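The next block holds one structure in the form of structure tokens; read it before the comments.
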Amino acid sequence: MSESVLKKEFRGADLQRLRNLIQGKMGDKTSVSSGYVKDHVDRKEGEIWEEDSRQWTIKNGVKQTISKLQAVRDVALTPLFCPDCKTLMKHRYDNQFYKIHRHCFDCHIQFEAEVKKEGRWEEYQNQIQNSEIDGMINNYEIWVDDLLNETNDGFVTELGEVESWSKVNRGKIIKQKEEAIEYLKKLKK
């Protein structure tokens, strides 16, 4: 019965690999081979280099690629702990407040309490309202400019005839745009 249990023997390379792992020599080779050998460059923690048209780095001892969208990912990810108070971000509003204010909900409550205590609450509210109005103005300008630059010179019917549908009065639209922006600017405090 003992023969049937151990049908496979360990090779010398397997034993050497186990010895290397026990001794902490993770990268040592267990066999000798010949042929093409790639130049080995020792990299340090946090070093960034380009290889095979990709960027690489070493993080926590592991070689990792750096994505082209890493900066976007870093902005979009909510950390586990608040950068200001270092507490666990577990409140249901923490994710939303981090994306806007870059700290947790509790830190923002404390910030607003300090603003009220200092007597700057109305100024703070006006600043928020003005920034929202500035955003609306910017979005409106982009929308109107896109409409003006849109090329819709005609439409081809089923019969193959071209019908002109663009009878846009550019001057009138620009004038209305400026009037709307002036109205929005008057709403600012």
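Values below: every heavy atom of this structure, side chains too, minus hydrogens, waters and symmetry copies. This is a predicted model, so every value here is computed, not measured. Heads up: numbering here begins at 1 and tracks the sequence.
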Are Trp143 and Met136 connected in the hydrophobic side-chain network, where two residues link if heavy atoms are under 4.5 Å apart? yes
Residues Cys104 and Met89: closest non-hydrogen pair is CB-CG, 4.1 Å
To the nearest 0.5 angstrom, please state how far the CD1 atom of Ile133 sits from the CG atom of Leu184. 7.0 Å
Evaluate whether atom OH of Tyr93 has more than 12 neighbouring non-hydrogen atoms of other residues, nucleotides or ligands under 6.0 angstrom away. no
Should Asp145 and Lys177 count as side-chain neighbours, where that means a heavy-atom distance under 4.5 Å? yes
With a 4.5 Å cut-off on side-chain heavy atoms, are Asp42 and His40 touching? yes
Is there a path of hydrophobic side-chain contacts, each under 4.5 Å between heavy atoms of I/L/V/M/F/W/Y residues, joining Phe105 to Tyr124? no
Residues passing the side-chain contact (heavy atoms from CB on, under 4.5 Å) test with Trp56, sequence neighbours excluded, are Trp49, Glu51, Arg54, Lys63, Thr65
Does the distance from a Lys or Arg side-chain N to an Asp or Glu carboxylate O, for Asp84 and Arg102, drop under 4.0 Å? no
In terms of heavy-atom contacts, does CZ of Arg73 have more than 12 from other residues, nucleotides or ligands at under 6.0 Å? yes
Answer whether the closest heavy-atom distance between the side chains of Leu88 and Phe81 falls below 4.5 Å. yes
Within the side chain of Asp94, is there an N or O that forms a donor-acceptor pair under 3.5 Å with the backbone of Lys90? yes
Check the pair Phe111, Phe97 against ring-ring contact (aromatic ring centres under 6.0 Å, His included), reporting the backbone distance first and the verdict last. CA-CA 12 Å; Phe111 169 75; Phe97 272 79; over 10 Å; no
So, taking the atom named NZ in Lys99 and the one named OG1 in Thr78, what distance separates them when rounded to the nearest 0.5 Å? 5.5 Å
Return yes if some donor-acceptor pair links the side-chain N/O of Glu47 with the main-chain N/O of Lys44 below 3.5 Å, else return no. yes
Would Gln16 and Asn20 count as having a side-chain donor-acceptor pair, cut-off 3.5 Å? yes
In terms of hydrophobic clustering (I, L, V, M, F, W, Y; side-chain heavy atoms under 4.5 Å; direct or indirect links), are Trp121 and Ile128 co-clustered? yes
Which heavy atom of Pro83 sits nearest to which heavy atom of Lys86, and what is that distance? O-NZ, 2.7 Å
Looking at Lys188, is its backbone amide N or carbonyl O close enough to the side chain of Gln129 to form a donor-acceptor pair, meaning the two atoms are under 3.5 Å apart? no
Any chance you could lay out the side chain to side chain contact (heavy atoms under 4.5 Å, CB included) test for Val144 and Ile174, step after step, and finish with the verdict? CA-CA 8 Å; Val144 171; Ile174 292 172; over 6 Å; no
Are Tyr183 and Ile137 joined in one hydrophobic group, where the rule is that I, L, V, M, F, W and Y side chains link up if heavy atoms are under 4.5 Å apart? yes
Going only through I, L, V, M, F, W and Y residues with side-chain contacts under 4.5 Å, is there a path from Leu148 to Ile181? yes
Any luck finding a side-chain donor-acceptor pair between Asp106 and Gln110 under 3.5 Å? no
